[in-house]
Amino acid sequence: MKRPRPSTPLSPASAKQKRPPPPQTPPISSKNPKAHQKWVPLNLSQSELSLPLTFPTGQTFRWKQTGPLQYSGTIGPHLVSLKHLQNGDVSYFIHSTPSESTAKLALLDFLNVGISLAKLWQVFSENDPRFAELAKHLKGARVLRQDPVECLVQFLCSSNNNIGRITKMVDFVSSLGTYLGSVGGFEFHEFPSLERLSVVSEEELRQAGFGYRAKYISGTVDLLRSKPDGGAQWLLSLRKLDLPEVIVALCTLPGVGPKVAACIALFSLDQHHAIPVDTHVWQDLNEVEQAYIKNQPRFRSGFPPFQNHFAFFNLAVDKIATRYLLPELGGARLTPKLCNHVAEAFVSKYGEYAGWAQTLLFIAELPSQKALLPSHFQGIQEKRNSKRKDRNKCTSDDSYN
DNA sequence: CGGTAACCTGGGAT
DNA sequence: AATCCCAGGTTAC
């Protein structure tokens, strides 16, 4: 009984040649040679879906760039490529699938096509000039609707880690799944089921370079497999719950804290106002908002109703206008308890799709994107102070209650 | 509760 | 060359 054992531990050696000399352009399909494949246009313009702003920007580590404006990945058992046409519209190519008809449905679902990005962003922009300015340059940054198991495992790998290594770890895990084909020099596998994941021991993961995240994955997989109706179903059932319950449920899994839980909730569980709170989020609130939160310890009730938010911040503006605030407030550290307040502030500011707004703000912070923005956006260059580093941690606390 | 120190690892900066 | 810092954090005191 041979298991699909990945042949490449995350050694520095094997890591080097991540870029094969790409014979990339027309995707090479492997399986299912019969299928009469071709590029098919999607009804999506670039302002609704920008591939470069959606796939390599931190919500999934499973999609690979297989061409200049082309990305490939799997959705369930389907192997798909997406690319931009000349006019910016997106078209897709199904390389391999057990069912052509379900493949497209799965793709549309995965892309959250029922949600109009343009409409959301219009509202965000009206309420926030900074967002409006960023949005002009980063159109089409969409939130995906990923498979929960796949999303969960990816973000278990992400804790206190960097993109490059996260990607290697995710590749390792992915290779346990059924091989679906190869595009542009990359091999693609269906994401492994919990059962297949359970075949790999914590020991093996650790040996493969997962570090302390090995026990997170093993522990979470085991716990999920113990659920009555199966872990995959348990995760899917969270889609019907409200955000606070979802966060609480996810945080029962080892290795899942508030941050990872928010990522999973937003990127796979339809929790559109989940906010992964980190340093960037804190800094994305202006000093007025930061100050308000700091000075209102009572502002800690459950998730705020979505009304009242303008009065809310106007009050804060008054305070700063009267010099009530001290300069140091702006640079205040993000303490764990503030995480919830920050998340609440985001929802107050952007509404029920606040997570979609935060996604753009996060992308704008990525070095790769920052370089493309006008210079006045690149301003806030944080100097590294070797003395005290702002850790900006969120501990697992009472989540949203 | 709130603050802190470990926790794995590889790559880049000093 | 040796060391330090950092990476979208979580956990255990």
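As the structure is a prediction and not an experimental result, all values here were calculated from the model. A note on names: the letters A, B, ... follow the listed sequences, proteins ahead of strands, and every chain is numbered from 1.
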(request) Round to a whole Å and report the spacing from CD1 of A:I217 to P of B:dC8. (result) 14 Å
(message) Run through DNA chain B and report every stem of 3 or more consecutive Watson-Crick or G-U pairs, distances under 3.5 Å, ordered by first number.
(response) B:3-7 with C:9-13, B:9-14 with C:2-7
(request) Indicate the ring-plane relationship of A:Y350 and A:F346, choosing parallel, tilted or perpendicular according to the 30° and 60° boundaries. (result) tilted
(request) Show the numbers, then the answer: is there a side-chain hydrogen bond (donor to acceptor under 3.5 Å, both in side chains) between A:T97 and A:E100? (result) CA-CA 6 Å; A:T97 175; A:E100 293 279 339; over 6 Å; no
(request) Grab the two heavy atoms, one from A:G351 and one from A:H273, that are nearest each other, plus how far apart they are. (result) O-CB, 4.1 Å
(request) Using a 4.0 Å heavy-atom cut-off across all strands, classify A:L205 as base, sugar-phosphate, or nothing. (result) nothing
(request) Remember a base hit wins even if backbone is also touched, and classify A:R206 as base, sugar-phosphate or nothing at under 4.0 Å, heavy atoms. (result) sugar-phosphate
(request) Name all residues meeting the ring-ring contact (aromatic ring centres under 6.0 Å, His included) criterion together with A:H189; count only those two or more places apart in sequence or in a different chain, and write none if there are none. (result) A:Y179
(message) Could you check whether the side chain of A:K259 and the base of C:dG8 have a donor-acceptor pair of N or O atoms closer than 3.5 Å, going by distance alone?
(response) yes
(request) Under 4.0 Å between any heavy atoms, over every strand shown, what does A:G255 touch: base, sugar-phosphate, or nothing? Just pick one. (result) sugar-phosphate
(message) What is the distance, to the nearest angstrom, from the CD1 atom on A:I166 to the C1' atom on B:dG11?
(response) 14 Å
(request) State whether the side chain of A:Q369 and the backbone N or O of A:A364 hold a donor-acceptor pair below 3.5 Å, judged by distance alone. (result) no
(message) Using a 4.0 Å heavy-atom cut-off, does A:I163 contact any base of the nucleic acid, only the sugar-phosphate backbone, or nothing at all?
(response) sugar-phosphate
(message) Among C:dG8, C:dT10, B:dG11, which nucleotide has an atom closest to any side-chain atom of A:Y216?
(response) C:dT10
(request) Among C:dG8, C:dT10, B:dC8, find the nucleotide with the atom closest to the side chain of A:S159. (result) C:dT10
(message) From CG of A:L152 over to P of C:dG9, roughly how many Å is that when rounded to an integer?
(response) 17 Å
(message) Checking A:F267 now: which residues fulfil ring-ring contact (aromatic ring centres under 6.0 Å, His included) with it, not counting sequence neighbours?
(response) A:F155
(request) Ignoring the backbone of A:R165, work out which of C:dG9, B:dT9, B:dG11 is nearest its side chain. (result) B:dT9
(request) Determine the interatomic distance between C1' on B:dC7 and the same-named atom on C:dC5; round to the nearest Å. (result) 16 Å
(message) Work out how far the C1' atom of B:dG2 is from that of C:dA7, and round it to whole angstrom.
(response) 25 Å
(request) Assign the ring pair A:Y353 / A:H272 to parallel, tilted or perpendicular, where the plane angle (0 to 90°) is split at 30° and 60°. (result) parallel
